[in-house]
Number of protein chains: 2
Amino acid sequence: MTAEEAAGNDLVLAFGRLLGAANRLEYLLGRAIEEQCGISHLMYEVLLILAREGNRGMSMRAISREQVLTTGGVTRLIDRMEALGLVERTLDPGDRRGRLVRLTGAGAAKAVEATRVHLENVRRHFVEPIPVEHRKRFAEDLRTLSHSAREAIPRLR
Amino acid sequence: MTAEEAAGNDLVLAFGRLLGAANRLEYLLGRAIEEQCGISHLMYEVLLILAREGNRGMSMRAISREQVLTTGGVTRLIDRMEALGLVERTLDPGDRRGRLVRLTGAGAAKAVEATRVHLENVRRHFVEPIPVEHRKRFAEDLRTLSHSAREAIPRLR
DNA sequence: GCGGAATATCTGACTGCGCAGATACTTTCT
DNA sequence: AGAAAGTATCTGCGCAGTCAGATATTCCGC
């Protein structure tokens, strides 16, 4: 086995461990948001996506494309968010098949609140335990890796 | 803002992006196993855990402690795996409350097959696109990160 | 402009998980 | 030994997601 092949094997194994840990963290962070803000992890993701669009609104189809959620799932998630007063459905003036989803005032406020809570959680549990002098290198590592991971996504679907 | 604080903020953001990408990859890799091997992602995880124990067997409680699954969930997952012939429940001679779960021959074979498929997927889609001369550094980065991520898990629960 | 393909949303049927209570057994304390 | 607390598994219920099909509208080629 060449040194390059060995490095490849190491990489596969290390990758697996990172995926496991990342998944677990994502799960726990989702639970934390749920407890501290009263909305599910997926609702938080959708709030962020909608916040990015401002009050232009966004079709459910577009939301489903950004998420790991089918269009049917988005319909029902938006149903629940609407019942909570976080979003509102409006008619799409340009396409009467579709409906545009927009944040309400309460939804925008909740997005801000949840983001604050989420960042605080990440900072407390993940960033602060890392020694200050290592943080810069860590940030670089993270950027490199998430770039590679993102490139791998389209190849896998 | 000091340079260290800036590095901390970078870290929080980069971490979020990595989590998102990792989660997505885990999901896609799970779907790939499902399609190519006919078992769910969680079944694969359980097969790996049981393979580690050999034919000593393992209680469902112990399985639930290793997974993001409650004991009720494990009961039902094992139900399905038993129906597929991948595992068998035996009486625990030392504790008549519990039952030991063991791989069948078919289960062990499926564990090997699924692992081969999984590693092949990771290699093809994630490792191979990385230039050979960078793989060693990548493997180190991954190890560092998954170590930190694993340390963060207990703090979050 | 008209007919068929494509697209957006909604809905019913199904699946899988968590929660909490039920049951059976074990451990611990007196 | 016997009672009480603890532990392992199972199960009924509810929720949230997928899938496939229904409906309404738009787009495209002729």
Side-chain angles (χ1 to χ4, degrees), chain A residues 23-24 26-28 30-35 38-46 49-50 53 56-84 86-102 157, chain B residues 23-24 26-28 30-35 38-46 49-50 53 56-84 86-102 157:
Chain A
N23 220 39
R24 187 81 177 226
E26 179 93 345
Y27 172 76
L28 292 170
R31 301 259 305 199
I33 284 186
E34 221 163 312
E35 278 171 25
I39 59 172
S40 76
H41 181 215
L42 278 179
M43 284 186 190
Y44 172 56
E45 299 282 329
V46 170
I49 290 171
L50 290 176
E53 293 298 311
R56 237 176 321 164
M58 193 171 181
S59 78
M60 306 218 245
R61 184 98 184 124
I63 294 173
S64 86
R65 269 193 289 262
E66 305 230 5
Q67 291 292 122
V68 188
L69 252 191
T70 60
T71 60
V74 170
T75 293
R76 287 175 165 124
L77 182 60
I78 296 297
D79 283 348
R80 294 194 297 279
M81 293 177 74
E82 201 173 16
L84 290 175
L86 298 173
V87 300
E88 57 190 1
R89 284 177 165 100
T90 62
L91 291 177
D92 182 341
D95 184 343
R96 278 188 300 175
R97 285 170 305 180
R99 311 175 67 173
L100 294 179
V101 181
R102 272 190 329 189
R157 31 189 342 168
Chain B
N23 220 38
R24 187 82 177 223
E26 179 93 345
Y27 172 76
L28 292 171
R31 300 260 306 197
I33 284 184
E34 223 163 310
E35 279 172 25
I39 59 173
S40 78
H41 182 216
L42 277 179
M43 285 186 190
Y44 173 56
E45 299 282 329
V46 170
I49 289 171
L50 290 176
E53 294 297 311
R56 236 177 323 166
M58 195 172 180
S59 78
M60 306 217 242
R61 184 98 182 122
I63 294 172
S64 86
R65 269 193 289 261
E66 305 228 7
Q67 291 291 123
V68 188
L69 251 191
T70 62
T71 60
V74 170
T75 293
R76 285 171 168 130
L77 182 59
I78 296 296
D79 283 348
R80 294 193 297 278
M81 292 177 74
E82 202 173 15
L84 290 175
L86 298 173
V87 301
E88 57 189 3
R89 284 177 164 101
T90 62
L91 291 177
D92 183 340
D95 185 343
R96 278 189 301 176
R97 285 171 305 183
R99 311 176 68 176
L100 294 179
V101 181
R102 272 191 329 192
R157 39 195 325 172

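By convention in this document, chain letters (A, B, ...) are assigned in the order of the sequence lines, proteins followed by strands, and residues within each chain are numbered from 1. All values derive from a computational prediction rather than experimental measurement.
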task = For the side chain of B/Arg96, starting at C-beta, report the closest nucleotide among C/dT26, C/dT9, C/dG16.
result =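 Within the option list, the nearest is C/dT26.
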Which value, rounded to the nearest 0.5 Å, describes the distance between [X] atom [atom1] and [Y] atom [atom2]?
X: A/Arg80; Y: A/Leu86; atom1: CZ; atom2: CG; value: 11.5 Å
X: A/Thr71; Y: A/Met60; atom1: OG1; atom2: CE; value: 9.0 Å
X: B/Asp95; Y: B/Arg61; atom1: CG; atom2: CZ; value: 12.5 Å
X: B/Met81; Y: B/Ile39; atom1: CE; atom2: CD1; value: 7.0 Å
X: A/Met58; Y: A/Arg65; atom1: CE; atom2: CZ; value: 8.5 Å

request  = Examine C/dA8: is either OP1 or OP2 under 4.0 Å from a nitrogen or oxygen in the side chain of A/Arg89? Give yes or no.
outcome  = no
Heavy-atom side-chain proximity of [X] to [Y] below 4.5 angstrom:
X: B/Leu50; Y: B/Ile63; value: yes
X: A/Gln67; Y: A/Leu77; value: no
X: B/Leu69; Y: B/Glu45; value: no

Could you give the [atom1]-to-[atom2] distance, from [X] to [N], as a whole number of Å?
X: A/Leu42; N: D/dT18; atom1: CG; atom2: P; answer: 9 Å
X: B/Asp92; N: D/dT9; atom1: CG; atom2: C1'; answer: 12 Å
X: A/Asp79; N: C/dT9; atom1: CG; atom2: P; answer: 12 Å
X: A/Arg61; N: D/dT25; atom1: CZ; atom2: C1'; answer: 15 Å
X: B/Ile78; N: C/dC17; atom1: CD1; atom2: C1'; answer: 15 Å
X: B/Glu34; N: C/dT15; atom1: CD; atom2: P; answer: 14 Å
X: B/Leu91; N: C/dC25; atom1: CG; atom2: C1'; answer: 13 Å
X: A/Arg80; N: D/dG14; atom1: CZ; atom2: C1'; answer: 13 Å

inquiry  = By the 4.0 Å heavy-atom rule, please label A/Ser40 as base, sugar-phosphate, or nothing.
reply    =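 Contact class for A/Ser40: none.
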request  = Mind checking B/Asp95 for me? I need base, sugar-phosphate or nothing, with any heavy atom below 4.0 Å counting as a touch.
outcome  = sugar-phosphate
Those residues of residues 66-76 of chain A lying under 4.0 Å from DNA chain C by at least one heavy atom =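 Of all residues in residues 66-76 of chain A, the ones placing a heavy atom under 4.0 Å from DNA chain C are A/Thr71, A/Gly72, A/Thr75, A/Arg76.
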query = On a plain distance test, is the side chain of B/Arg97 in donor-acceptor contact with the base of C/dT26 below 3.5 Å?
reply =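 Result: no qualifying N/O pair found.
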Donor/acceptor link under 3.5 angstrom from A/Arg99 side chain onto base of C/dT9 = no
query = Angle, rounded to 10°, between the helical axes spanning five pairs at each terminus of the helix from C/dG1-D/dC30 to C/dT30-D/dA1?
reply =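 It works out to 30° between the end axes.
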inquiry  = Given A/Val101, which partner from the list A/Asp92, A/Thr90, A/Val87 fulfils the side-chain contact (heavy atoms from CB on, under 4.5 Å) test?
reply    =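 So the option named by the test is A/Val87.
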